[in-house]
There are 2 protein chains.
Amino acid sequence: MNISGYSKTAVKILEASLPLFAARGYNGVAMRDIAQTVGITAAALYNHFSGKETLYYQALEYAFADKVDSLSSELHASPDPDGRLRRLISFWIEILGGDVILRSLLQREMSDADEQRLRLLLDRIFMPVYERCKTTMATLARGRVDEHLLFFAILGLVLSHFQLTPIRKRLPGCHPEHEDAERIAAHLARLLLYGLNGNDSGHG
Amino acid sequence: MNISGYSKTAVKILEASLPLFAARGYNGVAMRDIAQTVGITAAALYNHFSGKETLYYQALEYAFADKVDSLSSELHASPDPDGRLRRLISFWIEILGGDVILRSLLQREMSDADEQRLRLLLDRIFMPVYERCKTTMATLARGRVDEHLLFFAILGLVLSHFQLTPIRKRLPGCHPEHEDAERIAAHLARLLLYGLNGNDSGHG
DNA sequence: GTCTATAAAGGGATAGAC
DNA sequence: GTCTATCCCTTTATAGAC
(Lines give C-alpha, C1' and ligand atoms only; values in the text may rest on other atoms or scores of the structure.)
Protein backbone atom coordinates (compact mmCIF):
# COMPACT_ATOMS: atom_id res chain seq x y z
CA MET A 1 0.00 0.00 0.00
CA ASN A 2 1.38 3.32 -1.02
CA ILE A 3 -0.10 6.79 -0.72
CA SER A 4 -2.58 6.25 -3.55
CA GLY A 5 -4.17 3.35 -1.73
CA TYR A 6 -2.99 0.80 -4.26
CA SER A 7 -0.57 -2.03 -3.58
CA LYS A 8 2.60 -2.21 -5.63
CA THR A 9 1.15 -4.93 -7.82
CA ALA A 10 -2.08 -3.00 -8.29
CA VAL A 11 -0.10 -0.01 -9.50
CA LYS A 12 1.85 -2.23 -11.87
CA ILE A 13 -1.44 -3.53 -13.24
CA LEU A 14 -2.86 -0.05 -13.69
CA GLU A 15 0.27 1.18 -15.42
CA ALA A 16 0.44 -1.85 -17.65
CA SER A 17 -3.18 -1.59 -18.66
CA LEU A 18 -3.16 2.08 -19.61
CA PRO A 19 -1.09 1.85 -22.79
CA LEU A 20 -3.13 -1.14 -23.86
CA PHE A 21 -6.48 0.55 -23.30
CA ALA A 22 -5.19 3.69 -24.98
CA ALA A 23 -4.03 1.85 -28.08
CA ARG A 24 -6.81 -0.69 -28.55
CA GLY A 25 -9.75 0.51 -26.48
CA TYR A 26 -11.71 -1.26 -23.77
CA ASN A 27 -13.04 -4.05 -25.96
CA GLY A 28 -9.72 -4.50 -27.71
CA VAL A 29 -7.87 -5.47 -24.55
CA ALA A 30 -8.26 -8.83 -22.83
CA MET A 31 -7.58 -9.40 -19.17
CA ARG A 32 -5.05 -11.96 -20.35
CA ASP A 33 -3.21 -9.23 -22.27
CA ILE A 34 -2.90 -7.05 -19.20
CA ALA A 35 -1.82 -9.98 -17.04
CA GLN A 36 0.81 -11.00 -19.54
CA THR A 37 2.23 -7.47 -19.63
CA VAL A 38 2.49 -7.43 -15.86
CA GLY A 39 3.95 -10.92 -15.80
CA ILE A 40 1.17 -12.69 -13.90
CA THR A 41 -1.84 -14.72 -14.91
CA ALA A 42 -5.31 -13.34 -15.55
CA ALA A 43 -6.68 -14.99 -12.43
CA ALA A 44 -4.27 -13.01 -10.25
CA LEU A 45 -5.72 -9.74 -11.53
CA TYR A 46 -8.89 -10.50 -9.62
CA ASN A 47 -7.01 -10.31 -6.32
CA HIS A 48 -6.53 -6.61 -7.03
CA PHE A 49 -9.56 -5.56 -9.05
CA SER A 50 -13.04 -6.96 -8.92
CA GLY A 51 -13.41 -7.15 -12.69
CA LYS A 52 -12.47 -5.65 -16.00
CA GLU A 53 -14.92 -2.77 -15.82
CA THR A 54 -13.64 -1.50 -12.48
CA LEU A 55 -10.05 -2.05 -13.53
CA TYR A 56 -10.68 0.15 -16.54
CA TYR A 57 -12.37 2.84 -14.51
CA GLN A 58 -9.66 2.86 -11.88
CA ALA A 59 -7.01 2.95 -14.58
CA LEU A 60 -8.65 6.08 -15.95
CA GLU A 61 -8.78 7.60 -12.48
CA TYR A 62 -5.14 6.79 -12.04
CA ALA A 63 -4.18 8.26 -15.41
CA PHE A 64 -6.08 11.48 -14.82
CA ALA A 65 -5.02 12.02 -11.22
CA ASP A 66 -3.02 15.19 -10.64
CA LYS A 67 -2.37 15.67 -14.33
CA VAL A 68 -3.80 19.13 -14.24
CA ASP A 69 -3.37 20.40 -10.72
CA SER A 70 0.38 20.60 -10.75
CA LEU A 71 0.39 22.72 -13.87
CA SER A 72 -2.78 24.72 -13.83
CA SER A 73 -1.77 26.66 -10.73
CA GLU A 74 0.70 28.65 -12.81
CA LEU A 75 -1.83 29.67 -15.40
CA HIS A 76 -1.93 33.18 -13.97
CA ALA A 77 1.81 33.69 -13.84
CA SER A 78 1.72 36.33 -16.59
CA PRO A 79 0.42 39.78 -15.74
CA ASP A 80 -1.03 40.61 -19.17
CA PRO A 81 -3.92 38.77 -20.87
CA ASP A 82 -1.92 37.90 -23.98
CA GLY A 83 0.74 36.28 -21.86
CA ARG A 84 -1.88 34.31 -19.97
CA LEU A 85 -3.34 33.08 -23.26
CA ARG A 86 0.10 31.90 -24.28
CA ARG A 87 0.41 30.17 -20.92
CA LEU A 88 -2.91 28.41 -21.39
CA ILE A 89 -1.93 27.24 -24.88
CA SER A 90 1.41 25.96 -23.61
CA PHE A 91 -0.39 24.29 -20.74
CA TRP A 92 -2.70 22.34 -23.03
CA ILE A 93 0.21 21.45 -25.30
CA GLU A 94 2.10 20.09 -22.33
CA ILE A 95 -0.90 18.12 -21.04
CA LEU A 96 -2.25 16.87 -24.36
CA GLY A 97 0.80 16.84 -26.55
CA GLY A 98 3.24 15.32 -24.14
CA ASP A 99 1.24 12.28 -23.21
CA VAL A 100 -0.02 10.17 -26.07
CA ILE A 101 -1.70 7.74 -23.70
CA LEU A 102 -3.69 10.41 -21.90
CA ARG A 103 -4.72 11.87 -25.24
CA SER A 104 -5.87 8.55 -26.63
CA LEU A 105 -7.84 7.80 -23.50
CA LEU A 106 -9.49 11.21 -23.68
CA GLN A 107 -10.42 10.69 -27.30
CA ARG A 108 -11.89 7.29 -26.69
CA GLU A 109 -13.89 8.54 -23.74
CA MET A 110 -15.32 11.38 -25.77
CA SER A 111 -16.46 8.87 -28.39
CA ASP A 112 -17.92 6.41 -25.94
CA ALA A 113 -19.90 9.00 -23.99
CA ASP A 114 -20.33 7.00 -20.83
CA GLU A 115 -21.90 9.30 -18.25
CA GLN A 116 -19.84 8.22 -15.26
CA ARG A 117 -16.57 8.37 -17.12
CA LEU A 118 -17.42 11.75 -18.64
CA ARG A 119 -17.86 12.97 -15.08
CA LEU A 120 -14.37 11.76 -14.33
CA LEU A 121 -12.97 13.72 -17.26
CA LEU A 122 -14.81 16.80 -16.13
CA ASP A 123 -13.79 16.60 -12.48
CA ARG A 124 -10.16 15.71 -13.05
CA ILE A 125 -9.24 17.54 -16.23
CA PHE A 126 -11.58 20.12 -17.65
CA MET A 127 -13.42 21.65 -14.71
CA PRO A 128 -10.29 22.55 -12.69
CA VAL A 129 -8.72 24.31 -15.66
CA TYR A 130 -11.96 25.98 -16.60
CA GLU A 131 -12.41 27.39 -13.12
CA ARG A 132 -8.87 28.63 -13.03
CA CYS A 133 -8.97 30.57 -16.28
CA LYS A 134 -12.53 31.82 -16.30
CA THR A 135 -11.49 35.37 -15.49
CA THR A 136 -8.69 35.24 -18.04
CA MET A 137 -11.24 34.15 -20.65
CA ALA A 138 -13.44 37.10 -19.77
CA THR A 139 -10.52 39.48 -20.10
CA LEU A 140 -9.52 38.04 -23.45
CA ALA A 141 -13.05 37.88 -24.81
CA ARG A 142 -13.77 41.51 -23.83
CA GLY A 143 -17.42 40.88 -24.51
CA ARG A 144 -16.77 40.45 -28.22
CA VAL A 145 -16.65 36.68 -28.34
CA ASP A 146 -18.40 34.11 -26.18
CA GLU A 147 -16.14 33.22 -23.22
CA HIS A 148 -17.37 29.67 -23.05
CA LEU A 149 -16.76 29.08 -26.74
CA LEU A 150 -13.38 30.79 -26.48
CA PHE A 151 -12.25 28.33 -23.84
CA PHE A 152 -13.16 25.45 -26.12
CA ALA A 153 -11.67 27.09 -29.18
CA ILE A 154 -8.31 27.26 -27.42
CA LEU A 155 -8.60 23.73 -26.10
CA GLY A 156 -9.87 22.50 -29.46
CA LEU A 157 -7.06 24.06 -31.45
CA VAL A 158 -4.47 22.29 -29.33
CA LEU A 159 -6.32 19.00 -29.07
CA SER A 160 -7.12 18.78 -32.76
CA HIS A 161 -3.57 19.65 -33.70
CA PHE A 162 -2.35 16.44 -32.09
CA GLN A 163 -5.41 14.45 -32.91
CA LEU A 164 -5.16 15.23 -36.61
CA THR A 165 -1.44 14.56 -36.77
CA PRO A 166 -1.85 11.22 -38.61
CA ILE A 167 -3.81 13.08 -41.28
CA ARG A 168 -1.64 16.17 -41.23
CA LYS A 169 1.56 14.24 -41.77
CA ARG A 170 0.14 12.64 -44.88
CA LEU A 171 -0.99 15.82 -46.61
CA PRO A 172 1.36 17.94 -48.72
CA GLY A 173 2.85 20.93 -46.96
CA CYS A 174 3.68 19.22 -43.72
CA HIS A 175 6.88 20.21 -42.02
CA PRO A 176 8.96 18.85 -39.11
CA GLU A 177 8.57 22.24 -37.39
CA HIS A 178 4.87 21.53 -37.03
CA GLU A 179 5.70 19.01 -34.32
CA ASP A 180 7.68 21.47 -32.24
CA ALA A 181 5.80 22.51 -29.12
CA GLU A 182 7.04 26.10 -29.03
CA ARG A 183 6.31 26.74 -32.68
CA ILE A 184 2.84 25.27 -32.37
CA ALA A 185 2.21 27.48 -29.36
CA ALA A 186 3.44 30.57 -31.22
CA HIS A 187 1.34 29.75 -34.26
CA LEU A 188 -1.84 29.22 -32.27
CA ALA A 189 -1.31 32.29 -30.09
CA ARG A 190 -0.77 34.50 -33.11
CA LEU A 191 -3.86 33.12 -34.82
CA LEU A 192 -6.02 33.61 -31.74
CA LEU A 193 -4.72 37.04 -30.79
CA TYR A 194 -4.50 38.74 -34.15
CA GLY A 195 -6.45 36.60 -36.57
CA LEU A 196 -5.88 36.47 -40.29
CA ASN A 197 -6.73 40.11 -40.91
CA GLY A 198 -5.10 41.49 -37.82
CA ASN A 199 -1.93 43.47 -37.41
CA ASP A 200 0.67 41.80 -35.26
CA SER A 201 3.72 43.79 -36.31
CA GLY A 202 6.15 44.07 -33.47
CA HIS A 203 4.81 41.05 -31.64
CA GLY A 204 6.06 38.10 -33.74
CA MET B 1 -26.86 -4.97 -58.00
CA ASN B 2 -27.20 -1.23 -58.08
CA ILE B 3 -24.82 1.44 -59.29
CA SER B 4 -22.48 1.07 -56.31
CA GLY B 5 -21.88 -2.59 -57.10
CA TYR B 6 -23.67 -3.82 -54.00
CA SER B 7 -26.83 -5.92 -53.97
CA LYS B 8 -29.85 -4.55 -52.13
CA THR B 9 -29.19 -6.78 -49.14
CA ALA B 10 -25.53 -5.81 -49.09
CA VAL B 11 -26.50 -2.14 -48.95
CA LYS B 12 -28.93 -2.87 -46.15
CA ILE B 13 -26.14 -4.59 -44.25
CA LEU B 14 -23.73 -1.70 -44.77
CA GLU B 15 -26.30 0.84 -43.69
CA ALA B 16 -27.29 -1.18 -40.66
CA SER B 17 -23.71 -1.69 -39.56
CA LEU B 18 -22.61 1.95 -39.75
CA PRO B 19 -24.56 3.30 -36.76
CA LEU B 20 -23.44 0.31 -34.73
CA PHE B 21 -19.77 0.70 -35.59
CA ALA B 22 -20.02 4.44 -34.99
CA ALA B 23 -21.55 4.03 -31.55
CA ARG B 24 -19.63 1.07 -30.20
CA GLY B 25 -16.54 0.68 -32.36
CA TYR B 26 -15.28 -2.30 -34.30
CA ASN B 27 -14.76 -4.58 -31.32
CA GLY B 28 -18.00 -3.50 -29.70
CA VAL B 29 -20.16 -4.79 -32.52
CA ALA B 30 -20.83 -8.48 -33.15
CA MET B 31 -21.78 -9.91 -36.51
CA ARG B 32 -24.95 -11.09 -34.79
CA ASP B 33 -25.83 -7.50 -33.88
CA ILE B 34 -25.58 -6.39 -37.48
CA ALA B 35 -27.52 -9.40 -38.71
CA GLN B 36 -30.27 -8.83 -36.19
CA THR B 37 -30.60 -5.19 -37.24
CA VAL B 38 -30.97 -6.24 -40.85
CA GLY B 39 -33.35 -9.04 -39.93
CA ILE B 40 -31.27 -12.02 -41.00
CA THR B 41 -28.89 -14.41 -39.25
CA ALA B 42 -25.18 -13.89 -38.87
CA ALA B 43 -24.43 -16.73 -41.25
CA ALA B 44 -26.26 -14.95 -44.05
CA LEU B 45 -23.90 -12.00 -43.76
CA TYR B 46 -21.14 -14.16 -45.17
CA ASN B 47 -23.02 -14.45 -48.46
CA HIS B 48 -22.36 -10.73 -48.93
CA PHE B 49 -19.10 -10.04 -47.16
CA SER B 50 -16.15 -12.36 -46.69
CA GLY B 51 -15.73 -11.47 -43.00
CA LYS B 52 -16.09 -8.84 -40.34
CA GLU B 53 -12.93 -6.99 -41.25
CA THR B 54 -13.88 -6.48 -44.87
CA LEU B 55 -17.45 -5.64 -43.93
CA TYR B 56 -16.11 -2.91 -41.68
CA TYR B 57 -13.78 -1.55 -44.31
CA GLN B 58 -16.44 -1.55 -46.98
CA ALA B 59 -18.87 0.11 -44.59
CA LEU B 60 -16.33 2.89 -44.11
CA GLU B 61 -15.86 3.19 -47.86
CA TYR B 62 -19.61 3.37 -48.25
CA ALA B 63 -19.97 5.99 -45.53
CA PHE B 64 -17.23 8.20 -46.92
CA ALA B 65 -18.22 7.93 -50.58
CA ASP B 66 -19.21 11.23 -52.16
CA LYS B 67 -19.58 12.96 -48.81
CA VAL B 68 -17.19 15.68 -49.80
CA ASP B 69 -17.37 15.92 -53.57
CA SER B 70 -20.91 17.21 -53.77
CA LEU B 71 -20.18 20.06 -51.40
CA SER B 72 -16.56 20.96 -51.87
CA SER B 73 -17.10 22.09 -55.45
CA GLU B 74 -18.79 25.23 -54.17
CA LEU B 75 -15.97 26.20 -51.86
CA HIS B 76 -14.90 28.94 -54.25
CA ALA B 77 -18.35 30.45 -54.69
CA SER B 78 -17.38 33.63 -52.86
CA PRO B 79 -15.16 36.13 -54.62
CA ASP B 80 -13.40 37.51 -51.52
CA PRO B 81 -11.09 35.49 -49.23
CA ASP B 82 -13.13 36.20 -46.09
CA GLY B 83 -16.24 34.86 -47.75
CA ARG B 84 -14.37 31.75 -48.84
CA LEU B 85 -13.19 31.20 -45.29
CA ARG B 86 -16.79 31.39 -44.12
CA ARG B 87 -17.72 28.92 -46.82
CA LEU B 88 -15.03 26.50 -45.73
CA ILE B 89 -16.15 26.73 -42.10
CA SER B 90 -19.77 26.16 -43.07
CA PHE B 91 -18.68 23.28 -45.25
CA TRP B 92 -16.93 21.52 -42.40
CA ILE B 93 -19.85 22.21 -40.09
CA GLU B 94 -22.19 20.64 -42.61
CA ILE B 95 -19.97 17.61 -43.14
CA LEU B 96 -18.89 17.04 -39.55
CA GLY B 97 -21.74 18.54 -37.58
CA GLY B 98 -24.60 17.22 -39.63
CA ASP B 99 -23.65 13.58 -39.53
CA VAL B 100 -22.97 12.13 -36.11
CA ILE B 101 -22.18 8.73 -37.58
CA LEU B 102 -19.57 10.05 -39.97
CA ARG B 103 -18.02 12.07 -37.17
CA SER B 104 -17.85 9.13 -34.79
CA LEU B 105 -16.31 6.93 -37.46
CA LEU B 106 -13.72 9.60 -38.20
CA GLN B 107 -12.86 9.96 -34.53
CA ARG B 108 -12.49 6.25 -34.03
CA GLU B 109 -10.31 5.93 -37.11
CA MET B 110 -8.03 8.69 -35.92
CA SER B 111 -7.58 6.86 -32.64
CA ASP B 112 -6.99 3.47 -34.17
CA ALA B 113 -4.38 4.67 -36.66
CA ASP B 114 -4.68 1.78 -39.09
CA GLU B 115 -2.62 2.65 -42.13
CA GLN B 116 -5.02 1.37 -44.78
CA ARG B 117 -8.03 3.04 -43.22
CA LEU B 118 -6.16 6.32 -42.74
CA ARG B 119 -5.52 6.24 -46.47
CA LEU B 120 -9.24 5.91 -47.01
CA LEU B 121 -9.89 8.99 -44.87
CA LEU B 122 -7.27 10.92 -46.77
CA ASP B 123 -8.45 9.94 -50.23
CA ARG B 124 -12.15 10.36 -49.62
CA ILE B 125 -12.37 13.23 -47.18
CA PHE B 126 -9.33 15.32 -46.45
CA MET B 127 -7.25 15.33 -49.63
CA PRO B 128 -10.06 16.44 -51.95
CA VAL B 129 -10.93 19.38 -49.72
CA TYR B 130 -7.30 20.25 -49.17
CA GLU B 131 -6.60 20.38 -52.89
CA ARG B 132 -9.66 22.51 -53.50
CA CYS B 133 -8.85 25.20 -50.98
CA LYS B 134 -5.07 25.32 -51.16
CA THR B 135 -5.06 28.61 -53.01
CA THR B 136 -7.66 30.05 -50.66
CA MET B 137 -5.43 29.08 -47.76
CA ALA B 138 -2.51 30.87 -49.35
CA THR B 139 -4.60 33.99 -49.87
CA LEU B 140 -5.83 33.97 -46.30
CA ALA B 141 -2.44 33.18 -44.80
CA ARG B 142 -0.76 36.01 -46.73
CA GLY B 143 2.59 34.56 -45.74
CA ARG B 144 1.99 35.46 -42.12
CA VAL B 145 0.81 32.09 -40.91
CA ASP B 146 1.64 28.62 -42.14
CA GLU B 147 -0.92 27.59 -44.79
CA HIS B 148 -0.77 23.95 -43.86
CA LEU B 149 -1.37 24.69 -40.20
CA LEU B 150 -4.11 27.14 -41.08
CA PHE B 151 -6.02 24.46 -42.93
CA PHE B 152 -5.87 22.23 -39.88
CA ALA B 153 -6.69 25.05 -37.50
CA ILE B 154 -9.94 25.66 -39.38
CA LEU B 155 -10.74 21.97 -39.60
CA GLY B 156 -9.74 21.47 -35.98
CA LEU B 157 -11.88 24.30 -34.66
CA VAL B 158 -14.97 22.81 -36.27
CA LEU B 159 -14.15 19.20 -35.48
CA SER B 160 -13.27 19.85 -31.86
CA HIS B 161 -16.40 21.93 -31.36
CA PHE B 162 -18.55 18.90 -32.01
CA GLN B 163 -16.16 16.44 -30.48
CA LEU B 164 -16.00 18.31 -27.20
CA THR B 165 -19.76 18.83 -27.01
CA PRO B 166 -20.25 16.21 -24.25
CA ILE B 167 -17.73 18.14 -22.16
CA ARG B 168 -18.91 21.56 -23.23
CA LYS B 169 -22.50 20.89 -22.29
CA ARG B 170 -21.48 19.95 -18.78
CA LEU B 171 -19.40 23.02 -18.02
CA PRO B 172 -20.93 26.25 -16.72
CA GLY B 173 -21.58 28.88 -19.36
CA CYS B 174 -23.00 26.60 -21.99
CA HIS B 175 -25.86 27.92 -24.05
CA PRO B 176 -28.36 26.42 -26.53
CA GLU B 177 -27.10 28.88 -29.15
CA HIS B 178 -23.78 27.07 -29.11
CA GLU B 179 -25.41 24.24 -30.99
CA ASP B 180 -26.69 26.42 -33.80
CA ALA B 181 -24.73 25.89 -37.00
CA GLU B 182 -24.87 29.49 -38.20
CA ARG B 183 -23.84 30.94 -34.87
CA ILE B 184 -20.95 28.53 -34.58
CA ALA B 185 -19.84 29.47 -38.07
CA ALA B 186 -20.05 33.18 -37.28
CA HIS B 187 -18.14 32.73 -34.03
CA LEU B 188 -15.34 30.75 -35.64
CA ALA B 189 -15.07 33.04 -38.65
CA ARG B 190 -14.81 36.11 -36.42
CA LEU B 191 -12.17 34.47 -34.26
CA LEU B 192 -10.11 33.38 -37.24
CA LEU B 193 -10.41 36.59 -39.21
CA TYR B 194 -9.97 39.21 -36.51
CA GLY B 195 -8.62 37.40 -33.50
CA LEU B 196 -9.03 38.53 -29.94
CA ASN B 197 -7.13 41.78 -30.36
CA GLY B 198 -8.42 42.60 -33.80
CA ASN B 199 -10.89 45.22 -34.91
CA ASP B 200 -13.95 43.82 -36.60
CA SER B 201 -16.21 46.85 -36.32
CA GLY B 202 -18.59 46.94 -39.21
CA HIS B 203 -18.25 43.28 -40.00
CA GLY B 204 -20.11 41.54 -37.18
C1' DG C 1 -29.70 -16.53 -50.29
C1' DT C 2 -31.17 -17.86 -45.87
C1' DC C 3 -31.59 -21.10 -42.44
C1' DT C 4 -29.94 -24.47 -38.41
C1' DA C 5 -26.24 -26.57 -36.42
C1' DT C 6 -21.77 -26.53 -35.09
C1' DA C 7 -16.93 -26.02 -35.08
C1' DA C 8 -13.04 -23.39 -33.17
C1' DA C 9 -11.19 -19.75 -30.75
C1' DG C 10 -11.38 -16.04 -27.44
C1' DG C 11 -12.54 -13.89 -23.24
C1' DG C 12 -14.39 -12.88 -18.34
C1' DA C 13 -14.50 -14.96 -14.22
C1' DT C 14 -14.14 -18.59 -10.35
C1' DA C 15 -12.38 -22.77 -7.48
C1' DG C 16 -9.07 -24.62 -5.00
C1' DA C 17 -4.16 -26.09 -4.38
C1' DC C 18 0.11 -24.08 -2.98
C1' DG D 1 -1.11 -13.51 -3.69
C1' DT D 2 -0.27 -16.50 -7.52
C1' DC D 3 -0.86 -20.58 -9.85
C1' DT D 4 -3.44 -24.33 -12.79
C1' DA D 5 -7.57 -25.88 -14.33
C1' DT D 6 -11.87 -25.01 -15.73
C1' DC D 7 -16.52 -23.07 -16.45
C1' DC D 8 -19.47 -20.71 -19.36
C1' DC D 9 -20.60 -17.52 -22.46
C1' DT D 10 -19.64 -14.88 -26.72
C1' DT D 11 -17.97 -14.50 -31.25
C1' DT D 12 -16.25 -15.46 -35.87
C1' DA D 13 -16.80 -18.45 -39.33
C1' DT D 14 -18.16 -22.75 -41.94
C1' DA D 15 -21.11 -26.91 -43.51
C1' DG D 16 -24.92 -28.45 -45.44
C1' DA D 17 -30.10 -28.67 -45.79
C1' DC D 18 -33.80 -26.07 -47.92
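Side-chain atoms are counted along with the backbone in the values below, which use heavy atoms only and exclude waters and symmetry mates. In the text below, chain A, chain B and the rest are named by the order of the sequence lines, each starting its count at 1.
- The side chain of A:Ala43 has C:dA15 as its nearest neighbour among C:dA13, D:dT12, C:dA15.
- Among the atoms of the strands shown, none is found under 4.0 Å from any heavy atom of B:Val38.
- The aromatic rings of B:Tyr26 and B:Phe21 lie parallel to each other, with less than 30° between the two planes, well short of the 60° mark.
- To the nearest angstrom, P of D:dT11 lies 12 Å from CE of B:Met31.
- Counting to the nearest Å, the C1' atom of C:dG1 and the NZ atom of B:Lys8 are 15 Å from each other.
- Among D:dT4, D:dT12, C:dA13, the nucleotide with an atom closest to any side-chain atom of B:Lys52 is D:dT12.
- Judged by distance alone, the side chains of B:His187 and A:Asp146 never bring a donor and an acceptor atom under 3.5 Å apart.
- Centroid-to-centroid, the aromatic rings of A:His148 and B:His175 stay 6.0 Å apart or farther.
- With distances taken from any side-chain atom of B:Thr41 to the nucleotides C:dA13, D:dG1, C:dT4, the minimum falls on C:dT4.
- Along DNA chain C, the nucleotide nearest B:Thr9 and the nucleotide nearest A:Glu53 are compared for position; the residue whose nucleotide lies closer to the 5' end is B:Thr9.
- Across all their heavy atoms, B:Gly28 and A:Asn27 have their closest contact at CA-ND2, 3.6 Å.
- For the pair B:Leu45 CG and D:dT12 C1', the interatomic distance rounds to 11 Å; values are reported in whole Å.
- Residue A:Gln36 contributes atom CD, which lies 14 Å from atom C1' of C:dG10 at whole-angstrom precision.
- Using modelled atom types, one finds no donor on one side chain facing an acceptor on the other under 3.5 Å when comparing A:Arg132 with A:His76.
- For the pair B:Tyr46 OH and C:dT4 P, the computed distance is 16 Å after rounding to whole Å.
- For the pair A:Ile40 CD1 and D:dC3 P, the interatomic distance rounds to 6 Å; values are reported in whole Å.
- Between the CG atom of B:Asp33 and the P atom of D:dT12 there is a distance of 8 Å, given to the nearest Å.
- A:Ala44 comes within 4.0 angstrom of sugar-phosphate atoms only, judged by non-hydrogen atoms across all strands, and of no base.
- Of the candidate nucleotides D:dT11, C:dA13, D:dC3, D:dT11 has the atom lying nearest to any side-chain atom of B:Arg32.
- Between the C1' atom of D:dT10 and the CG atom of A:Asn27 lies a distance of 12 Å, rounded to the nearest Å.
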